[in-house]
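Note that the numbering runs from 1 along the sequence shown for the chain.
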Amino acid sequence: MVLETDVRSPEQLVERASQIAPTLKKNASWTEENRRLHDETIEALADAGVFRLRVPKRYGGYEADTRTLVEVGAALGQADASPSWVASVYWIPTWMAGLFPDEVQDEVFATPDVRICGTLSPSAMAAPAEGGIVVNGKWGFMSGAHHAHWQEIVAVLVTPDSQPLPVLALVPMSELQIVDDWQTSGLRGTGSVSTVAQDVFVPQARVLPLPAVLQGQSASVANAGSALYRSPLLPVASASSVGTLVGLARAARETFLARLPERKITYTNYEHQADAPLTHLQVADAAVRIDEAEFHAHRLAGLVDQKCAEGSEWTMEERARARGAMGAVGARAKEAVDTLAGASGGTSIYDGVPIQRIVRDAHAASLHALMHPSTNAELYGRVLCGLEPNTLYI
């Protein structure tokens, strides 16, 4: 059944995300201290439509394009990286849920503003059972698990008569255990705890082969005609993730310039830091790197949206370019943050000054296995040199 939903343009969705920035900023300290998003933040994100960006329209979602994800993620990340990161993590498994059979989607999307956390790490084992599989294992870095309704899991299915096969499955959070082990230096508010499955039965309809999902192959009839599902997983995931980094870089510039009029350079004759040529060079350098991060983010989003609209096959070079662009966003954003943090003086290390949290969050984000700039650059260069990729995640 097709649900009626308020029609919001990409510009309206970005504007709604910008409008909740005061709530996100107000709760940022609580979020970091408690290592999860504040319930008020979750409510604000829901009211802004953030959780519906990748929900199919027939369930009241927006099926937003990738450029919108980048700009919404950046608007949220400029206020606070943790809710932006969690939102982007939810977007990816929500998109993946659209690849499952339609009856599974009916079950998952029956929950208004459904939130699905997930991973691509096959750190669990699965065994065949009548009508499905039984899963045992543990997954780490499960961002947004505390507020999720479902988790997208990956496990290795072992059967007596076939090779081990990594599979993707959807499991209600009520059937998993949460291990509160998220004690970190950055992105603390994402609540990226571990989850555990103990003899969890998953019906066969909620199980898909991971290699098929990586290629963008769908078991959905209803979504077969939607341009949104015409891309393989990794380019979609790459473009869904970069907005947070762009937002962090913008936040660094915002907080630096806000403090600049009141600052001098201690132990020099500069009564106003803004008068120093060094400051001019630092601000200009950071601004250029932010521009570069935005360029790579928008080019990546444009590539994904164009390929989706065309429905054309992705070349290996295009897939590698998507990973390379994601790494470039992370690198340029982190460089801008580091430059502005280095110019912020000794007082910037106090908890009440946002730049110290921005630095820690940017560093944490750039260390993510799929976002690491060097890993992505090497993969892109490897493919450009005519070699086969050394990963399935492309």
Side-chain angles (χ1 to χ4, degrees), residues 17 20-21 23-46 48 50-51 53-54 69 72-94 113-121 123 138-153 173 176 178-195 237-238 240-249 251 326 329-330 333-334 337 351 354 356-372:
I20 65 172
T23 298
L24 272 54
K25 289 181 179 180
K26 181 188 71 173
N27 293 331
S29 295
W30 186 99
T31 291
E32 183 164 65
E33 182 180 349
N34 290 273
R35 299 174 295 110
R36 68 185 70 186
L37 298 189
H38 195 289
D39 288 347
E40 185 184 27
T41 294
I42 290 289
E43 293 173 5
L45 293 168
V50 171
F51 302 136
L53 291 184
R54 280 287 156 116
L69 299 189
V72 169
L76 299 175
Q78 188 168 352
D80 183 11
S82 286
S84 176
W85 183 272
V86 170
S88 69
V89 167
Y90 287 160
W91 290 334
I92 299 168
T94 300
D113 291 306
V114 67
R115 298 181 289 275
I116 311 171
C117 62
T119 181
L120 292 177
S121 298
S123 55
K138 180 179 181 180
W139 302 270
F141 295 93
M142 205 53 52
S143 301
H146 291 293
H147 291 96
H149 303 106
W150 293 79
Q151 180 177 318
E152 164 268 309
I153 67 169
M173 289 303 298
L176 301 172
I178 288 181
V179 180
D180 189 7
D181 55 2
W182 188 242
Q183 304 282 353
T184 60
S185 60
L187 292 176
R188 290 174 58 86
T190 62
S192 303
V193 295
S194 296
T195 57
S238 299
S240 302
S241 305
V242 293
T244 300
L245 274 301
V246 172
L248 276 166
M326 176 170 59
V329 175
K334 180 176 175 293
V337 169
D351 286 344
Q356 51 79 29
R357 184 178 67 251
I358 293 168
V359 170
R360 291 185 285 106
D361 288 348
H363 282 227
S366 68
L367 291 173
H368 188 280
L370 282 177
M371 299 193 75
H372 197 283

Locate the shortest heavy-atom distance separating [X] from [Y]; write the atom from each residue and the value.
X: Asp181; Y: Val193; result: OD1-CA, 3.5 Å
X: Leu245; Y: Gly330; result: CG-CA, 4.0 Å
X: Leu370; Y: Met326; result: O-CE, 2.6 Å
X: Arg360; Y: Ser185; result: NH1-O, 2.6 Å
X: Val86; Y: Gly144; result: CG1-CA, 3.8 Å
X: Ala79; Y: Leu24; result: CB-CB, 3.9 Å

When rounded to the nearest 0.5 angstrom, what is the spacing between [atom1] in [X] and [atom2] in [Y]?
X: Leu76; Y: Thr244; atom1: CG; atom2: OG1; value: 7.5 Å
X: His149; Y: Met173; atom1: NE2; atom2: CE; value: 10.5 Å
X: Leu37; Y: His146; atom1: CG; atom2: NE2; value: 9.5 Å
X: Ser238; Y: Ile92; atom1: OG; atom2: CD1; value: 8.0 Å
X: Glu40; Y: Ile20; atom1: CD; atom2: CD1; value: 10.5 Å
X: His38; Y: Glu33; atom1: NE2; atom2: CD; value: 11.0 Å

Checking the side chain of [X] only, and the main-chain atoms of [Y] only, is there a donor and an acceptor separated by less than 3.5 Å?
X: Gln151; Y: Ile116; result: no
X: Trp91; Y: Val50; result: yes
X: Trp139; Y: Glu152; result: no
X: Glu32; Y: Arg188; result: no
X: Ser84; Y: Gly73; result: yes
X: Asp361; Y: Gly186; result: no
X: Arg54; Y: Thr94; result: no

Taking the side chain as every heavy atom from C-beta outward, state whether [X] and [Y] have any pair of such atoms under 4.5 Å apart.
X: Thr31; Y: Arg36; value: no
X: Leu53; Y: Tyr90; value: no
X: Met142; Y: Ile178; value: no
X: Arg115; Y: Ile42; value: yes
X: Phe141; Y: Thr119; value: no

Determine which pairs satisfy side-chain hydrogen bond (donor to acceptor under 3.5 Å, both in side chains) with at least one residue from residues 73-82, sequence neighbours left out, and list them in order.
->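 For residues 73-82: none.
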Name of the residue among Asn34, Thr41, Asp39 meeting side-chain hydrogen bond (donor to acceptor under 3.5 Å, both in side chains) with Asn27 =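 So, applying the side-chain hydrogen bond (donor to acceptor under 3.5 Å, both in side chains) to Asn27 and each of Asn34, Thr41, Asp39, only Thr41 qualifies.
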Ring-ring centroid check His368 Trp85, cutoff 6.0 Å =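 Yes: the rings meet the under 6.0 Å criterion.
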Just by distance, with hydrogens left out, do Ser121 and Ser123 show a side-chain donor and acceptor under 3.5 Å apart?
->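 The answer is no; no qualifying pair exists.
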